[in-house]
Amino acid sequence: MDQDNSIDLKALNDAELVEQMFDDMYDGYANEIAEGTSILLERGWSASEVLTDALVGGMDIVGVDFRDGILFVPEVLRSANAMKSGMEILRPILSETGVEPLGKMVVGTVKGDIHDIGKNLAGMMMEGAGFEVVDLGINVDVDTFLAALEEHKPDILGMSALLTTTMPYMKVVIDTLKEKGLRDNCVVLVGGAPLNEAFAESIGADAYCRDAGTAVNIAKTLTNQRRGLAQPSA
Ligand code: B1M
């Protein structure tokens with residue numbers, strides 16, 4: 001399927017290879033992204049360097065042309081698929097942990113929103129840091145979130161939204177938790193490109209996570225704080 005792409009990726013130096021991966025991400029060449037990811041790892045790049053500098057960098061370029069109407073949904077889906085092929089190789093490395101779970105997170109992309117790359121990344125990084133992660137997927141409604149909180153009793157509820165039209169749904173979930181007296185049972189973390197700290201605060205979340213690494217740091221801090229506090233049961 002990646003017919004004309006006869007470039008020998010191994011023959012390229014690091015900078016050329018990353019540049020080529022940007023092109024391959026743009027063109028949605030999943031096999032080439034997987035190969036490029038493996039080559040960079042073999043050359044000693046860390047998983048997070050490959051992720052940030054090659055994969056996310058490539059997706060940023062796709063995002064700009066999507067915004068400007070140069071790329072459309074089918075093409076961007078192919079790029080997303082290519083990105084996932086690289087992420088699958090990084091997943092075991094990012095998720096590697098030998099320690100006892102630090103806590104549990106239930107995470108999902110909110111109702112109306114099908115973007116899942118960032119949510120998946122945050123999940124992988126959390127697993128890598130030693131958290132158990134229950135991923136509810138995309139387009140998750142409030143009832144599904146509530147059922148998962150009841151079933152898994154997580155320390156953290158993570159929500160992701162990439163659209164300005166879906167981010168208000170996070171407030172629907174938090175308000176429902178409040179109405180049912182469940183809000184204090186877990187830390188609520190929110191993430192996604194259109195959010196910011198002020199928004200997180202305004203909807204009653206505990207914190208906004210700018211990126212997956214930030215999510216890990218905040219999750220550790222807030223779960224430790226919670227455990228340090230004497231929890232009056234229920
Ligand atoms: Co969409 N899309 N998209 N899209 N898409 C954006 C978000 C957009 C900014 C593009 C643009 O115009 N430049 C724009 C939103 C504009 C807005 O609302 N202001 C947009 C639009 C408009 C749409 C559609 C409406 C287009 C249409 O149909 N006309 C449509 C909506 C569908 C829907 O959801 N109902 C749509 C569809 C799609 C695709 C299906 C084609 C595809 C998604 C495929 C998939 O995810 N499986 C897609 C993609 C790929 C994008 C862009 C190009 C890339 C998003 C991405 O994956 N980024 C995006 C443009 C952009 O952001 N550059 C765009 C990489 C990812 C690693 O970053 O998700 O921000 P991010 O995650 C980060 C942090 O935000 C944070 O950590 C992550 C890692 O560091 N984080 C969390 C995220 N979630 C977290 C949860 C946490 C913690 C941290 O919990 C604890």
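Note: hydrogens, waters and symmetry copies are ignored here, and every other heavy atom, side chains too, is used. Atoms within a ligand are numbered from 1 in the order they appear, just like the ligands themselves.
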Best match, Asn120, Leu163, Val187, Val190: closest heavy atom to atom 22 (C) of ligand 1 = Leu163
When you measure from atom 45 (C) of ligand 1 to every protein heavy atom, which one gives the shortest distance, and what is it?
-> Asp116 OD1, 3.4 Å
What's the shortest distance from atom 61 (C) of ligand 1 to any protein heavy atom, and which residue and atom give it?
-> Gly63 CA, 4.3 Å
For Ser160, atoms of ligand 1 separated by under 4.0 Å from a heavy atom | 83 (C), 84 (N), 85 (C), 86 (C)
4.0 Å protein heavy-atom contact status of atom 52 (C) of ligand 1, strictly under = no
For Lys84, the ligand 1 atoms with a heavy-atom partner under 4.0 Å come out as 47 (N)
Going by an N to O cut-off under 4.0 Å, is there a salt bridge joining Arg226 and Asp155?
-> no
For atom 24 (C) of ligand 1, is some protein heavy-atom partner under 4.0 Å away?
-> no
Any non-hydrogen atom of Pro194 lying under 4.0 Å from ligand 1?
-> no
Note: Phe66 and Phe72 closest approach over all heavy atoms is CE1-C, 4.1 Å
If we number the atoms of ligand 1 from 1 as shown, the ones under 4.0 Å from a heavy atom of Asp113 are 34 (O)
Salt-bridge test for Arg183 and Asp175: reply yes if a basic N is under 4.0 Å from a carboxylate O, no otherwise.
-> no
Derivation of the side chain to side chain donor-acceptor pair (under 3.5 Å) call for Trp45 and Asp14 = CA-CA 10 Å; Trp45 284 45; Asp14 286 9; 2.8 Å; yes
Would Met126 count as a contact of ligand 1 if the rule is a heavy atom under 4.0 Å away?
-> no
Considering only heavy atoms of Val73, which atoms of ligand 1 have at least one such atom less than 4.0 Å away?
-> 27 (C), 28 (O), 41 (C)
Among protein heavy atoms, which lies nearest atom 4 (N) of ligand 1, and at what distance?
-> His115 NE2, 2.7 Å
Atom 81 (N) of ligand 1: which protein heavy atom is closest, and how many Å away?
-> Gly192 N, 3.6 Å
Side-chain donor-acceptor contact under 3.5 Å, Tyr29 with Asp23 | no
Which is closest to atom 77 (O) of ligand 1 by heavy-atom distance: Ala205, Ala193, Ala212?
-> Ala212
Verify the contact flag for atom 59 (C) of ligand 1, where contact means a protein heavy atom under 4.0 Å away.
-> no
Run the numbers on Asp113 and Tyr169 for side chain to side chain donor-acceptor pair (under 3.5 Å), then give the verdict.
-> CA-CA 10 Å; Asp113 201 322; Tyr169 195 77; over 6 Å; no
Indicate whether the side chain of Glu35 and that of Asn31 have a donor and an acceptor atom separated by less than 3.5 Å.
-> no
Atom of Tyr208, atom of Ala200 and distance for their closest heavy-atom approach = CB-CB, 3.6 Å
Heavy-atom protein contact below 4.0 Å for atom 49 (C) of ligand 1 = yes
Under a 4.0 Å N-O cut-off, is there an ion pair linking Arg78 with Glu75?
-> no
Can you check whether a protein heavy atom sits less than 4.0 angstrom from atom 8 (C) of ligand 1?
-> no
May I ask you to test the Lys111-Thr166 pair for a side-chain heavy-atom distance under 4.5 Å?
-> no
Sub-4.0 Å protein heavy atom near atom 89 (C) of ligand 1 | yes
Those atoms of ligand 1 less than 4.0 Å from some heavy atom in Asp211 | 76 (C), 77 (O), 80 (O)
For Met21 against Ala54, the heavy-atom pair lying closest together | CE-CB, 3.9 Å
Counting heavy atoms only, which part of Leu121 comes closer than 4.0 Å to ligand 1: side chain, backbone, both or neither?
-> side chain
Could you list the atoms of ligand 1 found under 4.0 angstrom from a heavy atom of Ala80?
-> 44 (C)
Logged contact type for Ala122 with ligand 1, heavy-atom cut-off 4.0 Å, is side chain
Can you figure out which of Arg210, Arg78, Met124, Arg67 has its heavy atom closest to atom 74 (C) of ligand 1?
-> Arg210
Identify the two heavy atoms, one from Ile156 and one from Cys186, that lie closest to each other, and give their separation to 0.1 Å.
-> N-CB, 4.2 Å
Which pair of non-hydrogen atoms, one from Ile89 and one from Ala34, has the smallest distance, and what is that distance?
-> CD1-O, 3.3 Å
